Student: 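The following block contains the structure, expressed as structure tokens.
In what follows, chains carry the letters A, B, and so on, assigned in the order in which the sequence lines appear, proteins first and then strands, with residues in each chain numbered from 1. Note that this is a predicted model, so its numbers are computed, not measured. All values below come from the heavy atoms of this structure, side chains included, with hydrogens, waters and symmetry mates left out.
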Amino acid sequence: MRVNFTVNGRPQEADDVWEGESLLYVLRERLGLPGSKNACEQGECGSCTVRLDGVPVCSCLVAAGQAEGREVVTVEGLADYAKHRSCGSSRGTSLQEAQDWAAKGHDSQTGEGSELAPIQQAFIDAGAVQCGFCTPGLLVAADEMLERNPNPSDADIREALSGNLCRCTGYEKIMDAVRLAAARQGEAV
Amino acid sequence: MSTPNGTPTKITQGSQTKGGIGESTLRPDGTLKVTGEFAYSSDMWHEDMLWGQILRSTVAHAEIVSIDTSEALALPGVYAVMTYDDLPTEVKHYGLEIQDTPVLAHGKVRHHGEPVAIVAADHPETARRAAAKIKVEYRELPVITDEASATAPDAVLVHENRDDHHIGHVPHPNIVHRQPIVRGDARQAAGRADFVVKGEYTFGMQDQAFLGPESGLAVPDEDGGVHLYIATQWLHSDLRQIAPVLGLPERKVRMTLSGVGGAFGGREDLSMQIHACLLALRTGQPVKIVYNRFESFFGHVHRHPAKLYYEHGATREGKLTHVKCRIVLDGGAYASASPAVVGNASSLSIGPYVVDDVDIEAIALYTNNPPCGAMRGFGAVQACFAYEAQMDKLADALGMDRVEFRQLNAMEQGTIMPTGQPVDSPAPVAELLRRVKAMPLPPEQQWLAAGEEADVRQLPGGLSNTTHGEGVVRGIGYAVGIKNVGFSEGFDDYSTARVRMEVVGGEPVATVHTAMAEVGQGGVTVHAQIARTELGVTQVTIHPADTQVGSAGSTSASRQTYVTGGAVKNSCELVREKVLELGRRKFGSYHPAWATAELLLEGGKIVTDGGEVLADLADVLEGESVEVEAEWRHRPTEAFDLRTGQGFGHVQYSFAAHRAVVEVDTELGLVKVIELACAQDVGKALNPLSVIGQIQGGTVQGLGVAVMEEIIVDPVTAKVRNPSFTDYLIPTILDTPTIPVDVLELADDHAPYGLRGIGEAPTLSSTPAVLAAIRNATGLELNRTPVRPEHLTGT
């Protein structure tokens with residue numbers, strides 16, 4: 001089957017999709033967006049978290065067909081998404097802007113020159129990234145939480161991120177990163 | 001701007017070189033990892049790529065009567081199906097130390113989930129369906145599941161005709177390796193004991209549960225070889241095992257490290273490496289294999305479950321008289337790292353204490369349970385759980401404070417290990433306990449902190465809303481542990497680093513090329529820091545890890561910063577000499593200091609030790625590049641004597657202490673760990689941020705096996721009952737407490753920069769500290785880990 005949906009503001013068309021394929025599989029293997037991760041493929045770890053019409057979901061549990069006509073934001077589009085939010089524009093990106101975004105040059109070896117969302121920068125600065133496999137899902141979930149709750153308590157952060165497993169950090173630096181992003185966000189307003 | 005409230009840490013900062021050692025420089029791969037662009041092994045893609053799938057045994061121990069692949073081969077989209085009979089050479093087994101593991105099962109399967117056949121197809125679902133169409137007929141055999149069934153008079157042998165180098169000294173062919181350690185006279189010393197405590201302890205099977213599943217891409221090369229993009233802990237160890245099975249010389253098996261999503265020991269053994277290469281060479285097309293989580297539980301070895309039997313004695317004054325112990329590790333169906341785990345468990349079995357009279361024995365069994373091998377802490381974890389329980393028991397019998405009793409018997413620099421090896425660098429065991437005890441305790445009843453309504457997120461049972469504080473009791477527990485650093489027992493544990501200096505765009509740049517597996521620990525960060533410190537440059541490029549450079553050894557045993565860090569330091573020093581030589585040749589005639597002064601590389605310049613600038617590195621290196629590849633070794637160790645266990649077996653020791661504060665809902669048996677404070681000596685913190693990250697991460701893995709993590713193997717069928725994250729639980733952010741860390745830096749003069757390997761020690765003492773706290777809250781004996789609700793409620 002063919003699935004048409006919007007990914008990071010850009011209309012996408014996936015062909016020859018088998019009915020059993022997940023949104024995660026289509027993103028990773030058909031659209032060249034492997035940022036969403038495949039740690040469990042059973043909805044337990046949160047590493048594949050994306051936003052589907054704004055709602056954080058485990059993309060491994062969403063059949064690709066269910067995304068038909070809908071808007072998906074993945075970690076690859078998080079910086080752009082956050083930028084638009086801070087500019088006060090509506091969700092999503094125009095085709096022209098999306099193409100500009102895709103064409104932007106940066107060093108593929110180090111990522112230098114990449115524009116980052118505040119939550120992405122905070123994860124780097126706080127040491128919340130080790131192996132990094134949980135990071136994309138955590139970033140999408142944490143960014144969504146800060147959108148809803150710009151001044152979260154520690155218990156709020158823990159509750160919001162309790163669907164995202166991390167095996168490396170012991171979560172302390174992830175807590176630090178979200179606190180840092182919230183503080184910087186508060187400073188910016 | 002306001003500083004966010006973080007967890008307090010004490011760490012000394014300071015380095016003379018910008019971005020050099022001692023600074024918390026940020027990860028060079030950080031940006032790629034937060035943008036989703038970092039290429040993990042499961043992200044690889046290639047045109048015309050096929051998907052590989054493994055068919056695994058559905059029973060634990062059986063003869064294979066027949067395998068019929070015809071239906072699978074007939075499925076459209078299937079390119080190849082391979083069984084044992086299709087293996088290309090006479091080499092059909094592999095293994096880290098003992099080559100006892102079949103690439104594909106031959107006539108017999110020895111554990112649930114053993115690979116039997118492999119399939120390549122054009123879609124992963126087609127490959128899965130094809131594998132399901134392979135018909136395997138099994139004739140089941142009795143299963144060996146524990147020491148009693150392994151050593152019974154009529155026990156079936158898990159491996160017949162063993163010819164490995166341990167068979168000569170083990171009491172039974174179902175025992176992989178046995179290591180006794182005898183020092184002094186424990187029987188006689190027991191006569192001096194005023195108090196003796198005995199205990200029998202059980203340690204459950206823990207899974208590494210790294211998040212990035214086993215995966216990789218094998219691409220056939222034009223010369224008949226293959227290029228494997230893979231997540232592993234040790235490229236060259238993989239290579240040594242892969243090439244013979246493929247019938248290829250090692251130079252035709254090229255390996256490049258892909259992004260590794262955690263490891264924790266679970267990637268020391270091969271998983272899908274050979275299978276992907278076999279299918280790629282058979283089909284002539286690139287083949288990608290990605291395990292899902294279910295398969296990952298079968299695809300790697302686990303932490304050895306153990307039974308531990310201990311006797312401790314002490315005088316009325318509280319001095320330990322003797323320890324007798326016996327540690328039985330279940331190695332499962334294949335040897336993996338079992339012999340080395342036995343060596344660790346035995347040599348570290350009494351913990352960081354002074355005991356002159358010991359009688360120790362550790363064994364690893366062959367059984368039909370899942371194979372067990374390396375996991376963070378490697379044999380020392382199981383022992384620490386037991387000896388720390390014993391220390392509490394003995395302190396209670398003596399009527400002494402549990403921490404003071406430990407401090408009274410704590411080892412220090414100069415203490416002789418049970419192996420006869422002197423501890424010849426700082427061993428601040430009593431001090432670590434003092435520090436962890438001195439940290440402020442978390443306030444009581446934090447669930448009421450926000451107001452009158454109880455915040456259930458702060459309570460046992462959490463969002464399940466099972467209590468608002470009724471029946472909740474607090475407990476506090478302490479533990480301390482000792483771990484060895486590096487590969488022990490005479491292993492030639494070297495690493496290799498290639499370092500190049502050249503001018504790029506008018507700036508001096510250093511490139512560091514090693515085969516070190518970056519698995520998340522931050523080795524790449526530290527290598528760049530070392531190069532900056534040693535070469536006085538700010539720009540350092542870390543070359544991708546591959547087999548085009550010499551071996552770096554394994555990313556395990558807390559060894560990489562020590563050994564590959566040492567190799568990078570050494571190669572940088574050799575490069576520095578060459579650069580100075582070049583400088584003398586080019587500019588030596590301009591200034592007498594070139595010949596007379598001590599010269600340094602600092603801030604992109606060559607300077608005298610008095611600070612006078614002699615030349616810009618950019619000028620010295622113009623039109624030239626300086627490159628060195630060199631191996632580096634830590635001081636040698638020796639094997640433990642097979643009868644007495646005596647020998648200079650370990651390179652270095654590492655110490656951490658924990659204090660756990662728990663709250664237990666005693667009615668429902670639910671535990672909430674409120675705080676897990678850690679104090680650790682790290683020798684020298686090359687990157688303080690990473691050091692704390694390692695300590696906190698290791699601490700939480702210890703918490704996991706204290707209260708939730710266990711692979712349940714059916715005792716009758718030896719089948720794994722919970723291979724999923726639904727049923728095998730690892731700590732979430734809600735299960736995890738604050739982890740204040742106090743870092744001590746006492747230099748080890750034998751090690752580069754005085755550093756101490758740090759990754760594993762915090763995984764040791766975390767578990768017994770949590771158990772001690774639960775015992776303190778409930779008054780229960782609790783001689784097994786993990787503790788489940790039924791152990792607390794007796795239901």
Student: Grab the two heavy atoms, one from B/Leu211 and one from A/Cys134, that are nearest each other, plus how far apart they are.
Tutor: CD1-CB, 3.6 Å
Student: If we ignore hydrogens and angles and just use 3.5 Å, is the side chain of A/Arg167 paired with the main-chain N or O of B/Gln208 as donor and acceptor?
Tutor: yes
Student: When you measure from the side chain of A/Glu41 to the backbone N and O of B/Asn292, does any donor-acceptor pair fall under 3.5 Å?
Tutor: no
Student: Return yes if some donor-acceptor pair links the side-chain N/O of A/Lys37 with the main-chain N/O of B/Gly36 below 3.5 Å, else return no.
Tutor: no
Student: So does B/Pro731 get a backbone contact from the side chain of A/Tyr171, meaning a donor-acceptor N/O pair under 3.5 Å?
Tutor: yes
Student: Is it true that a side-chain atom of A/Glu172 and a backbone atom of B/Thr738 form a donor plus acceptor pair closer than 3.5 Å?
Tutor: no
Student: Which atoms of A/Leu139 come close to chain B, meaning under 4.5 Å heavy atom to heavy atom: side chain ones, backbone ones, both, or neither?
Tutor: side chain
Student: Tell me, side chain or backbone of B/Asp43 under 4.5 Å from chain A's heavy atoms, or both, or neither?
Tutor: both
Student: What part of B/Tyr291 gets within 4.5 angstrom of chain A, counting heavy atoms only: side chain, backbone, both, or neither?
Tutor: backbone
Student: Which atom names give the shortest non-hydrogen contact between B/Thr35 and A/Leu116, and what distance separates them?
Tutor: CG2-CD2, 3.4 Å
Student: Tell me, side chain or backbone of B/Ser42 under 4.5 Å from chain A's heavy atoms, or both, or neither?
Tutor: both
Student: Given that the side chain runs from C-beta out, which part of B/Trp447 has a heavy atom under 4.5 Å from chain A: side chain, backbone, both or neither?
Tutor: neither
Student: Heavy-atom count check: over 12 atoms from other residues, nucleotides or ligands less than 6.0 Å from B/Glu453 CD?
Tutor: no
Student: Which answer fits B/Ser724, side chain, backbone, both or neither, if we ask what part of it has an atom under 4.5 Å from a heavy atom of chain A?
Tutor: both
Student: Sort A/Ala182 into side chain, backbone, both or neither according to what part of it lies under 4.5 angstrom from a heavy atom of chain B.
Tutor: neither
Student: Looking at A/Gly132, is its backbone amide N or carbonyl O close enough to the side chain of B/Tyr40 to form a donor-acceptor pair, meaning the two atoms are under 3.5 Å apart?
Tutor: yes
Student: Looking only at non-hydrogen atoms, find the nearest pair between A/Ala39 and B/Pro213 and report the distance.
Tutor: CA-CD, 4.3 Å
Student: For A/Gln42, is there any backbone N or O sitting under 3.5 Å from a side-chain donor or acceptor partner on B/Arg293?
Tutor: no
Student: Would you find a donor on one side and an acceptor on the other, under 3.5 Å apart, between the side chain of A/Gln130 and the backbone of B/Gly693?
Tutor: yes
Student: Any side-chain donor-acceptor pair under 3.5 Å between B/His123 and A/Glu21?
Tutor: yes
Student: Is B/Lys33 reaching over with its side chain to a backbone N or O of A/Cys131, donor-acceptor style, under 3.5 angstrom?
Tutor: yes
Student: Any side-chain heavy atom of A/Cys168 within less than 4.5 Å of one from B/Phe210?
Tutor: no
